[in-house]
Amino acid sequence: MSTAKKQYKRVTVKSLVDMKSNKEKISMLTAYDYTMAKIVDQAGVDVILVGDSASNVMAGHETTLPITLDQMIYHASGVIRAIHRSLVVVDLPFGSYQSDPKEALRSAIRIMKESGAHAVKMEGGSEIKDSIKRILKAGIPVMGHLGLTPQSIYKFGTYTVRAKEDAEAEKLKQDALLLERLGCFSLVLEKVPAQLAEEVAKSVSIPVIGIGAGNGVDGQVLVLHDMLGMDHEFNPRFLRRYADLKTIMTDAFIQYNKDVKSGDFPNENEQY
Ligand code: KIV
């Protein structure tokens, strides 16, 4: 029997469910602009998440709460212009879907219409089920997000591992089943014990994509700036650095500065 993986010319929400059935792991990275998204797409990463982590890594806010719907649409529009293959999922930002299902639908429609995104992501389980239902009913694919949900940071108080206690783990399991039942095509599990994450992934037919949730799930997501090593001060245990761009970029900037100051740049071949 052939073990060759199916090649997906374009990744769709259906491809992700197929990947889970075929036991093919799903790769997902964040991106927030055209140039980065182009590189991520061309590298063959399955899903690009225009995460509200843009609030942290692009705008320098301490939390994800301040980013607005207009700003998410701006980031997503650039990403969409860059991609040929990846599925693009956009976070509904804090305050754009929690108050009522009609507002949630209006926000999701704006993201789809104004950026051209393929799906939205929303944090929470039973608390937001009516909003998820309303959005799904309009034909917009929804990715769920459980475990550590950074939009609720002031409720949790810290960014530590979630669902270590039985009651919270049980609610998370029930929420995952609910998201599947409602019709979400996938869900993110953030910072929960690996054993619990694996149990959840086995209990649902939709793909579970983990961040700090171990290897027993159906795929992995990382924040682009973190995996590229652009911030040496952010060192959570789950993070694997695939490059040290901070050092590479700093060296380049130092050299450029020296070359300009010394008059070495530009040389004869670098002028008209
Ligand atoms: O906003 C984001 O980058 C996310 C990932 C951490 C999953 O939600």
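Whatever order the structure lists ligands and atoms in, that order sets their numbers, starting from 1. Not measured: the values here are computed from a predicted model.
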State plainly whether the residues [X] and [Y] are in salt-bridge range, i.e. N to O under 4.0 Å.
{"X": "Asp46", "Y": "Arg85", "answer": "yes"}
{"X": "Lys14", "Y": "Asp18", "answer": "yes"}
{"X": "Glu233", "Y": "Lys246", "answer": "no"}
{"X": "Glu198", "Y": "Lys202", "answer": "yes"}

Q. Side chain, backbone, both or neither: which part of Thr64 comes within less than 4.0 Å of ligand 1 when only heavy atoms are counted?
A.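 None of Thr64 does.
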Enumerate the atoms of ligand 1 whose separation from the nearest heavy atom of [X] is less than 4.0 angstrom.
{"X": "Gly51", "value": "1 (O), 2 (C), 3 (O)"}
{"X": "Ile211", "value": "6 (C)"}
{"X": "Thr30", "value": "3 (O)"}
{"X": "Val223", "value": "3 (O)"}

Looking only at N/O atoms, are [X] and ligand 1 under 3.5 Å apart anywhere?
{"X": "Asp91", "answer": "yes"}
{"X": "Glu190", "answer": "no"}
{"X": "Ser53", "answer": "yes"}

Q.
Considering Asp52, Ile67, Val90, Leu49 one by one, which has a heavy atom nearer to atom 7 (C) of ligand 1 than any of the others?
A.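 Result: the heavy atom closest to atom 7 (C) of ligand 1 is in Leu49.
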Q: Output yes when a side-chain donor or acceptor of Lys133 lies under 3.5 Å from a complementary backbone atom of Gly183, and no otherwise.
A: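 Not a single qualifying donor-acceptor pair exists.
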Q) Would you say the side chains of Gln151 and Tyr97 form a donor-acceptor pair under 3.5 Å? A)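 There is such a pair between these side chains.
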Q.
Could you tell me if Gln174 and Glu170 have a donor-acceptor pair between their side chains, going purely by distance under 3.5 Å?
A.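 Gln174 and Glu170 do have a side-chain donor-acceptor pair below 3.5 Å.
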Q. At what distance, to the nearest 0.5 angstrom, does CZ of Arg237 lie from CG of Leu239?
A.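 It comes to 13.0 Å.
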(Q) Taking only non-hydrogen atoms of His145, do any sit less than 4.0 angstrom from ligand 1? (A)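 The answer is yes: ligand 1 sits under 4.0 Å from a heavy atom of His145.
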Q. Under 4.0 angstrom from ligand 1, any heavy atom of Lys121?
A.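 Flag set, Lys121 near ligand 1.
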